[in-house]
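See structure below.
Just so it is clear, the structure is predicted and the values come from calculations on it, not from any experiment.
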Amino acid sequence: MDKKFGLDEFIGLTIRAARKAADLKIVDVCQMSGISQGMISKIENAQVSPSLDSLNRLCDAIGLPISQLLNKYDRPEGDAQFTKSGEGLEVVRRGTNKGHEYRLLNYQRGGTRNFELFLVIMNDLAEVFPSFSHPGEESVYVTEGSLTYRHGNHIYRLEVGDSLTFEGDVPHGPEQLHSVPVKLLSFINYSGH
């Protein structure tokens, strides 16, 4: 249901949907709530504004907690970026070679959000990787394969399900691939930098 409905319409639609989900007829709700069939019909069709007492009795009769009656009424619209599998923007970065692919899955700059999310795919066991350095904080999460990853003077063995979070201004990057293809999600947060 959508906020484009007025409050009476929203309440009516919600009551009707809950009544039907409970497999109840208007006559059943009438008997359980003590509210006339005509009044229930008018409430469901947004022809009247029900009192709180009537709403409470209707909700009890149909098994809908009154606290849930309006929980979706003023829900924000939302604004999301959706990227279908395989459709991320291919990005050419320093160090992108044959067998090494960066896909920008989404990003948001401006306001209080400031991030990039990449799917990085590496296939060449013999590839020599450069070091990367950039502002912000980065997190990588391995979804397939295994590799050794360098951050500064530390080396980490990353397997499927492992993650690593670090400051991006310290030189970092893959050191060696062990099991290909390696797929990792790279999330870079630039806020505060």
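- Taking the side chain as every heavy atom from C-beta outward, Phe10 and Leu70 approach each other to under 4.5 Å.
- Across every non-hydrogen atom of Arg157 and Ser146, the tightest pair is NH2-OG, 3.7 Å.
- For the atom pair Thr143 OG1 and Asp162 CG, the distance stands at 11.5 Å (nearest 0.5 Å).
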- Message: Determine whether Arg150 and Phe129 satisfy the following criterion, side chain to side chain contact (heavy atoms under 4.5 Å, CB included), listing intermediate values before the conclusion.
- Response: CA-CA 10 Å; Arg150 177 180 293 279; Phe129 299 95; over 6 Å; no
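- In this structure, CD1 on Ile26 lies 4.5 Å from CZ on Arg19, to the nearest 0.5 angstrom.
- Between His178 and Thr148, the closest side-chain pair of non-hydrogen atoms falls below 4.5 Å.
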- Message: Leu184 vs Leu158, test: side chain to side chain contact (heavy atoms under 4.5 Å, CB included). Steps then yes/no.
- Response: CA-CA 10 Å; Leu184 60 87; Leu158 301 176; 5.7 Å; no
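- Between His172 and Leu164, the closest side-chain pair of non-hydrogen atoms is not below 4.5 Å.
- A pairwise comparison of heavy atoms in Ala61 and Ser33 identifies CB-CB, 4.0 Å as the closest pair.
- To the nearest 0.5 angstrom, Leu13 atom CG is 11.0 Å from Asp8 atom CG.
- Under the 4.5 Å side-chain contact rule for hydrophobic residues, Leu55 and Leu24 share a cluster.
- Tested against Val182 for a side-chain contact (heavy atoms from CB on, under 4.5 Å), the candidates Leu147, Ile121, Asp124 yield a single pass: Leu147.
- In terms of heavy atoms, Pro181 sits closest to Glu144 at CG-OE2, 3.2 Å.
- With rounding to the nearest 0.5 angstrom, the OG1 atom of Thr14 is 9.0 Å from the CD1 atom of Ile62.
- Linking ILVMFWY side-chain heavy atoms closer than 4.5 Å, directly or via other members, places Leu7 and Ile15 in a single hydrophobic cluster.
- Within the 4.5 Å cutoff, side-chain heavy atoms of Arg16 are placed close to those of Asn45.
- Leu125 is connected to Val120 through a chain of hydrophobic side-chain contacts under 4.5 Å among Ile, Leu, Val, Met, Phe, Trp and Tyr, so both are in one cluster.
- The CD1 atom of Ile40 sits 14.0 Å away from the NZ atom of Lys25 when rounded to the nearest 0.5 Å.
- Between Met122 and Pro174 the shortest side-chain heavy-atom distance falls below 4.5 Å.
- Classification of the Tyr190-His134 ring pair by plane angle, with boundaries at 30° and 60°, yields perpendicular.
- At a threshold of 4.5 Å between non-hydrogen side-chain atoms, the residues Glu116 and Glu138 do not count as touching.
- To the nearest 0.5 Å, atom CG of residue Asp23 and atom CG of residue Asp28 are 8.5 Å apart.
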- Item | Pair Val142-Glu159, side chain to side chain contact (heavy atoms under 4.5 Å, CB included): steps then yes or no | CA-CA 6 Å; Val142 179; Glu159 309 277 341; over 6 Å; no
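- Side chain of Glu9 to main chain of Gly6: a donor-acceptor pair is present (N/O by atom type, distance under 3.5 Å, no hydrogens or angles).
- Counting only distance, with no hydrogens or angles, the side chain of His151 and the backbone of Thr165 share no donor-acceptor pair below 3.5 Å.
- Proximity of Val48 to Ser54: side-chain heavy atoms (C-beta onward) are nowhere separated by under 4.5 Å.
- In the hydrophobic cluster analysis, where Ile, Leu, Val, Met, Phe, Trp and Tyr join through side-chain heavy atoms closer than 4.5 angstrom, Met39 is grouped together with Ile66.
- A donor-acceptor distance shorter than 3.5 angstrom exists from the side chain of Ser133 to the backbone of Asp169, with no hydrogens or angles considered.
- With ring centers used as reference points, Phe166 lies 6.0 Å or more from Tyr156.
- Inter-residue side-chain proximity for Ile35 and Val29 is flagged as unmet; no heavy-atom pair is nearer than 4.5 Å.
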